[in-house]
Amino acid sequence: MNDLAAQLRHELAGQIGSPRWRAALESVPREVFVGDHVFRDDTAEWVPMHRSQMSSEDWLALVYSDRSLVTQVAGVMAEDATEPIAYAWATSSSTLPSLVVSMLHTAGISAGDKVLEIGTGTGYSTALLCHTIGAEAVTSIEYDPEVARRAEAAIVAAGYAPTLLVGDGLRGFNENAPYDRLIATCAVRTIPPVWLRQVRPGGTITAPMLGWLGAGALAHLEVADDGTASGTFPDIVYFQPARPHAAPPMGTMKLGVGDVSHTTMDPALLTDQTGQFVAQLAAPQAQHAWIENTLALHDVESGSHADVEPADAGGWTVHQSGPNRLWDAVERALTTWMDAGKLNLSAFGLTATQNEQRVWLGSPDGPTWDLPRAGA
Ligand SMILES: C[S@@+](CC[C@H](N)C(=O)[O-])C[C@H]1O[C@@H](n2cnc3c(N)ncnc32)[C@H](O)[C@@H]1O
């Protein structure tokens, strides 16, 4: 059986094809980190799968497939799930290995670096780090105590002893600072300013970002001597939100109320990844839903609402209510983006200081949008 696991590890490492991370991929037993229970995504529900219900070969093939394996949904561990869980979010998983490695590459991690990882999850990526740069150089923080407990058991079983902490990674861990690299495996809405203080000048922060309109992007920032950080978005990625940064429940909303106006800006631009990213910059407190072909934007905190539906005579009819005109803000940002040539995500960048975080288009002097203030 061990031979089969080793063979599958070898194949996975070959498929991923990273010389720097190959030895770790060949050594770290993912089955130890995944455990014996995962959830399968079955459209509207998460179905628990148990190792005892499958042949060992099939289980190992699943474990060594280049897929994310969800181990917790809405706070329920797969081990404890007796029936499918419907309409809920995954809250912990082992990210697909190729994406883990791609992010480690983006972060530029190599021997000699001291690394802070946010989101231990199953501990698999933590173990890859330990194998490659040495456990004494690795600090990893997990928010969920049960997830952290299992990760620690797996990391110890695999023979590594990094610094493992249970808590909110958005606060970092000052005791082991300064770090050369900070890498997050959960998504933030805004870069916690405390991270800028815990990474040394010249060090980097690599973090998935996810706003409440659902647009995701990987931010890769370098910290300057003055403690500011700036960089770009080299990839589009979607990670589970960092727990304190998740959107509040959307609640109920009413369509077709408030001031009426007309627009020629197609709301379907929000189905384009960059269009959605731009809209999110303009209305960071808003969440959205499509009700057939009507776009609804809703800001729970301020009670602002907008909906945009096709008009019989062409264009779209807009209803807006509450203190913030959500569609107007989105339309302005989309116009700016379209006027600049509808550039894709690689044209955007982020500058973060202790007091503000600004996403820019083209260059720091180009059009800018402020990210919401959140976290430590
Ligand atoms: C995608 S999983 C991590 C995958 C992990 N690196 C692996 O290889 O298994 C994201 C993890 O981030 C954790 N998390 C969410 N918010 C967090 C926070 N504020 N601080 C630390 N961990 C957090 C979640 O509980 C979850 O376990």
Side-chain angles (χ1 to χ4, degrees), residues 12 16 21 24-25 28-35 37-39 41 63-78 88-104 106-107 109 115-132 138-155 158 160 162-173 181-192 194-195 198 205-210 216 218 237-247 374-376:
L12 181 65
I16 293 174
W21 295 92
L25 289 165
V28 174
R30 196 180 185 209
E31 69 272 28
V32 170
F33 295 88
V34 168
H37 313 268
V38 297
F39 284 100
D41 183 1
V63 165
Y64 286 103
S65 59
D66 190 22
R67 283 200 263 170
S68 289
L69 296 172
V70 172
T71 49
Q72 190 194 54
V73 166
V76 178
M77 299 301 301
W89 296 107
T91 44
S92 194
S93 58
S94 170
T95 306
L96 67 157
S98 60
L99 179 54
V100 172
V101 169
S102 151
M103 284 174 54
L104 293 169
T106 300
I109 295 170
V115 174
L116 175 62
E117 180 190 50
I118 312 297
T120 316
T122 63
Y124 178 69
S125 54
T126 320
L128 293 179
L129 281 166
C130 291
H131 188 91
T132 306
V138 179
T139 301
S140 185
I141 310 177
E142 169 57 47
Y143 192 88
D144 186 295
E146 182 57 19
V147 171
R149 192 186 64 72
R150 286 164 195 251
E152 181 169 15
I155 290 167
Y160 302 110
T163 303
L164 296 174
L165 301 147
V166 185
D168 185 357
L170 303 182
R171 298 179 188 283
F173 183 61
R181 314 276 164 203
L182 184 153
I183 185 164
T185 62
C186 52
V188 292
R189 285 179 85 200
T190 183
I191 303 294
V194 71
W195 289 1
Q198 294 184 5
I205 296 171
T206 307
M209 302 195 75
L210 181 71
L218 182 67
V237 296
Y238 295 92
F239 271 76
Q240 291 146 21
R243 301 208 188 187
H245 280 193

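In each ligand, atom 1 is the first atom listed, and ligand 1 is the first ligand listed.
- Nearest non-hydrogen protein atom to atom 19 (N) of ligand 1 is Asp168 OD1, 2.8 Å.
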Start with the C-alpha distance between Asp144 and Arg243, add both sets of side-chain angles, then the distance that settles side-chain contact (heavy atoms from CB on, under 4.5 Å), and finish with yes or no.
CA-CA 9 Å; Asp144 186 295; Arg243 301 208 188 187; 3.1 Å; yes
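- At a 4.0 Å cut-off, at least one heavy atom of Thr120 sits close enough to ligand 1 to count as contact.
- Under the 3.5 Å distance criterion, the side-chain polar atoms of Ser92 are left unmatched by any main-chain donor or acceptor of Thr71.
- Counting heavy atoms of neighbouring residues, nucleotides and ligands inside a 6.0 Å radius, atom CZ of Arg67 does not exceed 12 of them.
- Scanning all protein heavy atoms for the shortest distance to atom 4 (C) of ligand 1 gives Ser93 O, 3.2 Å.
- Of the possible polar contacts, none joining the Tyr143 side chain to the Gly169 backbone as a donor-acceptor pair under 3.5 Å is found.
- Glu117 and Thr185 share no donor-acceptor pair across their side chains, judged by distance under 3.5 Å alone.
- Counting heavy atoms only, Thr185 comes closest to atom 3 (C) of ligand 1 of the residues Leu165, Val188, Leu69, Thr185.
- Annotation for ligand 1: atoms under 4.0 Å from non-hydrogen atoms of Thr95 are 1 (C), 4 (C).
- A salt bridge is absent between Arg149 and Glu152: the closest approach of a Lys/Arg side-chain nitrogen to an acidic carboxylate oxygen does not fall below 4.0 angstrom.
- Counting the atoms of ligand 1 from 1 in the order shown, those under 4.0 Å from a heavy atom of Ala242 are 15 (C), 16 (N).
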Determine, step by step, whether Met103 and Leu218 satisfy the side-chain contact (heavy atoms from CB on, under 4.5 Å) criterion, reporting the C-alpha distance in whole Å, the side-chain angles of both residues, the deciding distance to 0.1 Å, and the verdict.
CA-CA 9 Å; Met103 284 174 54; Leu218 182 67; 4.0 Å; yes
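- Contact of the Glu142 side chain with the Val166 side chain is not registered, since no non-hydrogen atoms from C-beta on lie closer than 4.5 Å.
- The protein atom (non-hydrogen) at minimum distance from atom 14 (N) of ligand 1 is Cys186 SG, 3.9 Å.
- A donor-acceptor contact shorter than 3.5 Å is absent between the side chain of Arg189 and the backbone of His245.
- Judged by distance alone, with hydrogens and angles left aside, the side-chain atoms of Arg150 form no donor-acceptor pair with the main-chain N or O of Gly35 at under 3.5 Å.
- Distance from atom 15 (C) of ligand 1 to its nearest protein heavy atom, with residue and atom name: Arg243 CG, 3.5 Å.
- For ligand 1, one of its N or O atoms has an N or O atom of Gly119 under 3.5 Å away.
- Of the heavy atoms in Val100, none comes closer than 4.0 Å to ligand 1.
- The protein heavy atom nearest to atom 9 (O) of ligand 1 is Thr122 OG1, 2.6 Å.
- Checking each of Asp168, Ile205, Leu182, Leu170 against Pro192 for a side-chain contact (heavy atoms from CB on, under 4.5 Å) leaves exactly one that passes, namely Leu170.
- Contact atoms of ligand 1 toward Pro244: 19 (N) (distance under 4.0 Å to a heavy atom of the residue).
- Between Gln240 and ligand 1, not a single N/O pair is under 3.5 Å apart.
- Protein heavy atom in closest approach to atom 17 (C) of ligand 1: Tyr143 CB, 3.5 Å.
- Atoms of ligand 1 found under 4.0 Å from any heavy atom of Gly167 (numbered from 1 in listed order, with element): 20 (N), 21 (C).
- For Ala90, the heavy-atom gap to ligand 1 stays at 4.0 angstrom or more.
- Taking atom 27 (O) of ligand 1 as the reference point, the nearest protein heavy-atom neighbour is Ser92 OG, 2.7 Å.
- At the top of the distance list for atom 20 (N) of ligand 1, counting protein heavy atoms only, stands Gly169 N, 2.8 Å.
- Within ligand 1, the atoms closer than 4.0 Å to a non-hydrogen atom of Leu170 are 19 (N), numbered from 1 in the order shown.
- Taking distance alone, with nitrogen or oxygen atoms compared against 3.5 Å, Glu142 approaches ligand 1 more closely than that limit.
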Test log, rule side-chain contact (heavy atoms from CB on, under 4.5 Å), inputs His131 and Trp21
CA-CA 9 Å; His131 188 91; Trp21 295 92; over 6 Å; no
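- Between Asp144 and ligand 1, no N or O atom pair is found at a separation short of 3.5 Å.
- Neither the backbone nor the side chain of Ala151 has any atom closer than 4.0 Å to an atom of ligand 1 (non-hydrogen atoms only).
- Formation of a donor-acceptor pair under 3.5 Å by the Thr91 side chain with backbone atoms of Gly75 is found in this model.
- Within the listing of ligand 1, atoms 5 (C), 6 (N), 7 (C), 8 (O) sit less than 4.0 angstrom from a heavy atom of Ser125.
- Counting heavy-atom neighbours within 6.0 Å of Gln198 CD, excluding the residue itself, gives a total above 12.
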